[in-house]
Amino acid sequence: MNLIQEKFAELDGQTITTFTMINDQGMEVSTIDYGCTITRIVVPDRNGTLENVVLGFDTIEEYQQHSPYFGAVVGRHAGRIANAEFTLEGTTYHLAKNNNGNHLHGGIKGFDKVIWNTEVVEEKDSLTLVFTYLSKDGEEGYPGNLKMKISYTLNNDNELQISYEGVSDQKTVVNVTSHSYFNLSGNLKRDVLNHKLTLKSNRFLELDEELIPTGEILPVENTSFDFRSGRKIIEGTDTNDRQNIIAGNGYDHPFLLTDNHNKEIYLFDDESGRGLIIETNQPAVVLYTGNQLADDFSIQGINSRKYLGLCLETQGLPDSLNHPHFPSAILEKDQGYYSVTKYIFTN
Ligand code: G6D
């Protein structure tokens, strides 16, 4: 295992650092301490060719100007919260209205836009980056001083594990995830429309026109949302299914998982032979197929466009605070928050 640490940029008088973990198979994971953002993941195809499989930039300016959370950690609360407010124990908290009058992904300056303290832990067959940050009481409108610790561990089996731990001195809400856009073709050679996704999920959340959950939990049977036997992404981008249409001709939906830590999510690109198995302790995964990717910038020389990457955001359920029948995102005072997701790359 090797670690390369180098300066990425200066921002507001602070240095942003790149940490590149390289395992003995040649897999690389590059991360910057700005938003714990994964900027590159390099893995082999069926012929052993090492190429990048995530959307990311080379400069902080591009992240500030163009990034729709490319590779970033998202929080305190990933996903949307309707009307940008929630009530806890009789107190209503008002959050940033940063998406059509609703709250999205932790607000204006969420976890994705702060610089995290970083430590490195080296083991014989693994490397871990430990990111810590104190999200103060009232930050982005959330209650409680929340101490967060996020660990990225790369081992020699081409597995990247991300764990999230948090504790707050007041009752609050927490729902954190990683927002990488995967594209297994390698160096963004193709879009993700022919990627095949298999999900252990028989229910998904209905969304309204503002992409807010209506509260209805729909069965996947006989719809383009049934990924139980594997389905190509393209089958959801040109359907007349209203849910695909309101998502911008694709998917932007939370799926309730029927299994944890048991290959519950599998993405495969036949042309490259690359696969990605995702296992998590979380109740849901948001599949977002890059339907809103703008086309007025380039990513490492490739023009950005719809469907150039897709996100599999393992997490609780968006807007659960307004839907008591959803798994809760409430974190009690001094209660430990723990979320873990493993990404297993195959070829
Ligand atoms: C869009 O609706 C989608 C979100 O799910 C995604 O996370 C964001 O773009 C980057 O708002």
Side-chain angles (χ1 to χ4, degrees), residues 34-39 54-57 62-84 95-113 140 162 164 175-183 191-192 197 199 201 204-214 225 233 236-237 241-256 265 267 278 282 284-297 299 304-320 326 329 339 341:
Y34 176 80
C36 311
T37 299
I38 295 172
T39 58
V54 293
L55 274 57
F57 290 123
E62 290 171 294
Y63 277 105
Q64 288 183 303
Q65 291 162 21
H66 303 303
S67 176
Y69 305 89
F70 284 167
V73 155
V74 169
R76 281 196 198 188
H77 188 290
R80 288 172 173 83
I81 296 177
N83 306 312
L95 308 175
K97 296 190 173 189
N98 61 326
N99 187 267
N100 299 326
N102 302 304
H103 181 75
L104 175 66
H105 289 346
I108 307 291
K109 189 171 182 182
F111 287 179
D112 61 297
K113 295 183 180 63
E140 287 300 325
I162 301 183
Y164 312 79
N175 178 39
V176 189
T177 191
S178 178
H179 204 291
S180 283
Y181 288 65
F182 297 103
N183 179 328
D191 60 32
V192 298
L197 177 66
L199 280 183
S201 170
F204 70 103
L205 296 194
E206 180 187 66
L207 303 177
D208 67 16
E209 282 69 18
E210 292 180 352
L211 302 175
I212 298 283
T214 63
F225 290 76
I233 297 301
T237 59
D241 182 311
R242 181 171 169 277
Q243 285 294 306
N244 288 129
I245 292 168
I246 63 174
N249 298 104
Y251 301 91
D252 198 347
H253 294 77
F255 288 78
L256 286 154
I265 303 166
L267 185 67
I278 300 178
Q282 291 301 291
V285 61
V286 169
L287 167 63
Y288 171 52
T289 48
N291 323 320
Q292 298 181 33
L293 275 175
D295 57 7
D296 57 354
F297 62 91
I299 304 164
S304 174
R305 60 188 190 276
K306 285 182 84 161
Y307 316 125
L308 192 57
L310 65 80
C311 304
L312 290 160
E313 307 159 45
T314 50
Q315 59 184 277
L317 287 180
D319 204 35
S320 63
F326 287 2
S339 169
T341 294

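Remember, it's 1-based here, ligands and their atoms both numbered in the order they're listed. Remember, it's a predicted structure, so these values are computed and weren't measured experimentally.
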Asker: Give every pair formed by an N or O atom of ligand 1 and a protein N or O atom closer than 3.5 Å, one pair per line with both atom names and the distance to 0.1 Å, or write none.
Answerer:
from	atom 1	to	atom 2	distance (Å)
ligand 1	2 (O)	Arg80	NH1	3.1
ligand 1	2 (O)	Arg80	NH2	2.9
ligand 1	2 (O)	Asp252	OD2	2.3
ligand 1	5 (O)	Asp252	OD1	2.7
ligand 1	5 (O)	Asp252	OD2	3.4
ligand 1	7 (O)	His105	NE2	2.6
ligand 1	7 (O)	His179	NE2	2.7
ligand 1	11 (O)	Arg80	NH2	2.7

Asker: Could you list all the salt bridge (Lys or Arg N to Asp or Glu O under 4.0 Å) pairs where at least one residue sits in residues 241-252, not counting sequence neighbours?
Answerer: Glu209-Arg242
Asker: Evaluate the ring planes of Phe255 and Tyr251, with Trp represented by its six-membered ring, and classify them as parallel (under 30°), tilted (30 to 60°) or perpendicular (over 60°).
Answerer: tilted
Asker: Sequence neighbours excluded, which residues qualify as side chain to side chain contact (heavy atoms under 4.5 Å, CB included) partners of Ala78?
Answerer: Val74, His105, Asn175, Thr177, Gln315
Asker: So do Asn102 and Asp319 actually touch side chain to side chain, heavy atoms under 4.5 Å?
Answerer: no
Asker: Could you work out, with ring-ring contact (aromatic ring centres under 6.0 Å, His included) as the rule, every residue matching Tyr63, not counting sequence neighbours?
Answerer: Phe57
Asker: Heavy atoms, side chains only, cut-off 4.5 Å: are Tyr69 and Cys311 in contact?
Answerer: no
